[in-house]
There are 2 protein chains.
Amino acid sequence: MARPELPLAQLHAFVVLAEELHFGHAAAHLGIAQPPLSQQIRRLEDKVGHALFSREPGRVTLTPAGRELLPAARRALTDLADGLAAARAVGSGQAGRLRIGFAASLALTILPDLLRTFGQRFPGVHLDIREMTTAPQITALHDKAIDIGLLREPPAGEVELGFRTVLSEPFVAVLPATHPLAAGTVQLAQLADSPFVLLPRAAGPQLYDQITGLCTAAGFTPHIVQHAVEWQTVCALVGAGLGVSLAPASIRRIRLKGVAFRRVEPGTARTRVAVAWRKNDQNALVKHLLATVSPNPPDRP
Amino acid sequence: MARPELPLAQLHAFVVLAEELHFGHAAAHLGIAQPPLSQQIRRLEDKVGHALFSREPGRVTLTPAGRELLPAARRALTDLADGLAAARAVGSGQAGRLRIGFAASLALTILPDLLRTFGQRFPGVHLDIREMTTAPQITALHDKAIDIGLLREPPAGEVELGFRTVLSEPFVAVLPATHPLAAGTVQLAQLADSPFVLLPRAAGPQLYDQITGLCTAAGFTPHIVQHAVEWQTVCALVGAGLGVSLAPASIRRIRLKGVAFRRVEPGTARTRVAVAWRKNDQNALVKHLLATVSPNPPDRP
DNA sequence: GCGCGCCATACGCCTAGAGATATCACGTCA
DNA sequence: TGACGTGATATCTCTAGGCGTATGGCGCGC
C-alpha cells in the first residue's frame with residue numbers, strides 16, 4: 001500500500017470546485033473564503049504536478065488530468081464517508097452481525113421472543129443463529145465462532161465466560177401415551193424400572209448430570225437404553241415406545257402423537273436456561289443483546 | 001459531498017496495521033517508530049468513536065468496527081493512488097485521449113504515418129480520429145470538439161489557432177481516361193471548356209478559392225457542374241464522365257478505373273496540408289503530437 | 001524472579017497547511 | 001473609461017498532527 005500523497009481536504013476542495021467550476025461559489029459552498037480555496041487547489045496541483053483546472057477569463061474548466069483525477073477523488077471521499085458511517089454503526093451496535101448458538105429446545109421458548117425484540121430494536125443487525133447443544137456452544141464461545149450462547153445449565157469454572165439465567169423451569173416426565181403412569185402426576189421413583197432415553201452426556205454434561213442426579217436422589221439409577229442429540233428426537237423415541245425420559249418443561253411445546261408430558265414429584269428441581277458470552281467481548285452488539293435479554297444492567301467484569 | 005474527517009495518513013497506518021496485526025512490525029513497515037503509530041491509531045479511533053483494534057496480550061485483532069472500515073479505507077487509498085497516477089500520466093501526455101480531425105484525402109498520405117509514429121511513442125494514448133473537411137475542423141477546434149486538425153489550406157485570421165504546414169504538394173488534373181487531354185501534361189488553360197467537379201466551397205473555402213484562382217490566372221472561370229464533399233467521390237464522378245477536376249497531387253493514390261491524373265502547367269501552385277491546434281491548449285498530448293508531426297519546427301516549401 | 005517482547009503514555013519539537021485579510025491583475029461591459 | 005467580477009498573490013496567524021526519545025505497565029517464558 002503506497003503512502004498517501006494527497007490531503008483529503010484538498011481533494012474535497014477539488015471535487016467541490018469541479019462541481020461548481022467557480023472559485024467564489026465553491027469557496028462559499030465549502031464555507032471558506034476564496035483565497036484559501038485558490039491555495040488548496042494550487043497545492044493539490046503542485047502535488048499532482050499538473051494543472052487540474054484551466055482558468056480562462058470568465059470560465060473555469062477541468063483539464064484532462066483533472067478529469068482523470070475527479071472520479072477517483074469522488075469515490076475515495078464517498079467510500080470513506082460510507083465506511084466511517086458503517087464503522088460507527090457497527091461500533092455503536094446499530095449494525096453488524098451477531099452469531100448466536102442456541103439449544104434446540106429454546107427454539108420453542110425464549111428464542112423467538114429474543115429474535116423479535118432484538119430485531120425490532122436493532123433492525124440493522126443481522127442475527128446469525130445456529131443450533132448447538134451446550135458443550136459445543138462453550139467451545140464455540142472460546143473459539144469466537146459464536147458471540148452469544150443460549151444454553152441449559154451453565155458449567156462452572158468458566159472464568160472467561162459470563163452467564164446469566166434467563167429462564168428456570170421444572171422437569172416433566174416424557175412418557176408414551178400408553179404408559180401406565182401417563183394418567184396423572186408421576187412420582188419420580190415410579191420410573192425406576194422404565195428404560196430411559198436421554199441426550200448424550202457430551203452434549204451437555206451439567207443437564208445430564210442433573211437429570212441422573214434427580215433419579216439417584218429418588219433412589220434409582222436410570223437405565224439408559226438410547227441417546228439422541230435433540231429433544232425432538234428423544235420425544236419421538238419415547239412415542240415409539242423405546243422408553244421414558246425426564247426433560248425441561250418447555251419441551252411440552254413439542255406436540256407429538258403418542259407422547260405424554262406429566263408433572264413429576266418432587267417438583268422442586270429446576271433447570272436453568274442461561275445466556276452466555278465472553279466476558280472480555282467488547283462488541284457492542286453483545287452488550288445490547290444482554291440488555292435486551294434482561295433490561296436490568298448486567299455485571300461488567 | 002461531506003467534509004472529510006479522517007486524515008489519510010491515519011488511514012494508511014490503519015490499513016498497514018490491519019495487515020500486520022503487530023504494532024512494531026507495522027511501524028517498521030511504515031518507516032516510523034512504534035509510539036507514533038500507536039498515536040495514529042488512537043487518533044483515528046477517537047475520530048471514529050470506537051476501537052478499531054482489540055489489543056489483547058500477545059495478539060492484536062480487528063474489532064467488528066475495524067473490519068467494517070478496512071475495505072473502505074483500502075479502496076480509498078488505492079483509488080487515490082491509481083487516480084493520481086492516471087492524472088499524472090494524462091498530465092504528462094503519456095496517456096489520455098486525443099481527438100483528431102482530418103481531411104479524407106490525408107488518410108492516403110500523412111495520417112497513417114502519423115498514427116503509427118505517435119502510437120509507438122505514446123502507447124497509452126487513445127487517438128480518436130474523425131474525418132472532416134477543413135471548415136468543420138476549424139469550427140470543431142473552436143468548440144473543443146477536436147484537439148488537432150489536419151487540413152488543407154489553413155485559413156487566415158485565426159488568432160486563436162496555430163497552424164503548421166506539414167506537406168506541400170502541386171495540383172494535378174483529374175480527367176476521365178477517355179478525355180482527349182489524358183495523354184500527357186495538361187496546360188491549365190486547356191481545361192477552360194471542360195465542366196468541373198469540385199468540393200463545395202463551404203467544405204474548405206481556402207482550397208476552393210485557390211483552385212478557382214488558378215483557373216482565373218489561366219484565363220477562364222471554371223464551369224462547375226457538380227459538387228461532392230470527398231475527393232474520392234469527385235474522382236468517381238470524373239471517372240463517370242461528369243467533368244474534370246483539379247486536385248492535390250496526393251489523391252493520385254486513389255486508384256479508380258477510368259480516371260487519369262496528369263501534371264498541370266504551370267506547376268508552381270502548391271496546396272499545403274497543415275496541422276492545426278488551439279494556441280492556448282495546455283494539453284500535453286497536443287504538444288507531443290506537434291513534436292511528432294515535425295520534430296524540427298520549420299515548414300517545407 | 002527476571003528479562004524480554006509488546007503496546008501505551010508522556011513530553012517536546014517542528015512543519016505543513018488551513019484559515020483570514022488586503023491587494024493586485026485582468027477581463028468584460030455599460 | 002471606470003465599475004465590477006473573478007481569480008491570483010502576499011502575508012500573517014494558528015494549530016493539528018506527525019515524529020522522536022524516554023518511560024511505564026503487563027504478560028510470558030526461561
Side-chain angles (χ1 to χ4, degrees), chain A residues 1-48 50-63 66 77 80 159-160 279-280 282 301, chain B residues 1-48 50-63 66 77 159-160 279-280 282:
Chain A
M1 185 85 26
R3 178 191 219 82
E5 308 178 48
L6 309 180
L8 276 186
Q10 291 173 16
L11 287 168
H12 185 211
F14 166 65
V15 169
V16 171
L17 179 55
E19 280 163 359
E20 304 274 347
L21 291 179
H22 186 293
F23 278 76
H25 299 169
H29 191 289
L30 287 165
I32 62 176
Q34 169 261 318
L37 175 59
S38 284
Q39 292 177 25
Q40 296 276 48
I41 300 300
R42 190 164 143 44
R43 273 193 287 267
L44 185 60
E45 288 177 327
D46 285 349
K47 293 227 176 75
V48 173
H50 304 279
L52 298 171
F53 293 95
S54 113
R55 292 84 153 163
E56 300 156 47
R59 73 162 165 276
V60 175
T61 333
L62 274 171
T63 63
L77 288 174
L80 283 185
V159 288
E160 294 183 14
K279 282 182 185 169
N280 69 355
Q282 294 305 304
Chain B
M1 185 85 28
R3 175 188 224 84
E5 307 179 49
L6 309 179
L8 276 186
Q10 292 173 14
L11 286 168
H12 184 212
F14 167 65
V15 169
V16 171
L17 179 56
E19 279 161 3
E20 305 273 348
L21 291 178
H22 186 292
F23 278 74
H25 298 169
H29 191 290
L30 287 165
I32 62 176
Q34 170 262 317
L37 175 59
S38 285
Q39 293 177 24
Q40 297 275 48
I41 300 300
R42 190 162 146 41
R43 271 193 289 266
L44 185 59
E45 288 176 328
D46 285 349
K47 291 225 177 78
V48 173
H50 304 280
L52 298 171
F53 293 96
S54 113
R55 293 85 154 161
E56 300 157 46
R59 72 164 166 278
V60 174
T61 335
L62 273 172
T63 62
L77 289 174
V159 288
E160 295 183 14
K279 281 182 187 168
N280 71 352
Q282 295 304 306

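Letters go in sequence order (proteins before strands), and every chain restarts at 1.
Note on B:R59: every side-chain N or O is 4.0 Å or more away from OP1 and OP2 of D:dG27. The side chain of A:Q10 places an N or O atom within less than 4.0 Å of a non-bridging phosphate oxygen (OP1 or OP2) of C:dA18. Between A:H22 and D:dG5 there is no side-chain N or O to OP1 or OP2 distance below 4.0 Å. One finds a side-chain N or O of B:K47 lying less than 4.0 angstrom from the OP1 or OP2 phosphate oxygen of D:dG17. Phosphate proximity of C:dA8 to B:S38: present, with a side-chain N or O under 4.0 Å from OP1 or OP2.
If you take CD of B:E45 and P of D:dG17, they are 15 Å apart, rounded to a whole angstrom. To the nearest angstrom, C1' of D:dA8 lies 10 Å from CD of A:Q39. Whole-Å rounding puts the A:L37 CG to C:dT21 C1' distance at 16 Å. Atom CD1 of A:I41 is separated from atom C1' of D:dT6 by 15 Å (rounded to the nearest Å). The nearest whole Å value for the distance from the CG atom in B:L44 to the C1' atom in D:dG17 is 13 Å. Across the protein-nucleic acid pair, B:R55 atom CZ and D:dC26 atom P stand 16 Å apart, rounded to whole Å. The interatomic distance linking B:F23 (CZ) with D:dC19 (C1') rounds to 16 Å, in whole Å. The distance between atom CG of B:D46 and atom P of D:dG18, rounded to the nearest whole Å, is 13 Å.
Side chain of B:Q10 to main chain of B:E45: no donor-acceptor pair is present (N/O by atom type, distance under 3.5 Å, no hydrogens or angles).
Residue-level contact check: B:R42 touches the backbone only, with heavy atoms under 4.0 Å from sugar-phosphate atoms and none from bases.
Mapping A:L30 and A:P35 onto DNA chain C via the closest heavy atom, the residue that lands nearer the 5' end is A:L30. A residue-by-residue look at B:L21 and A:Q40 shows that B:L21 has its nearest nucleotide of DNA chain C further toward the 5' end.
Under 3.5 Å, the side chain of A:Q34 and the base of D:dA8 form at least one donor-acceptor pair of N or O atoms.
In the model, B:S54 has a side-chain atom that pairs as donor or acceptor with a side-chain atom of B:E56 under 3.5 Å.
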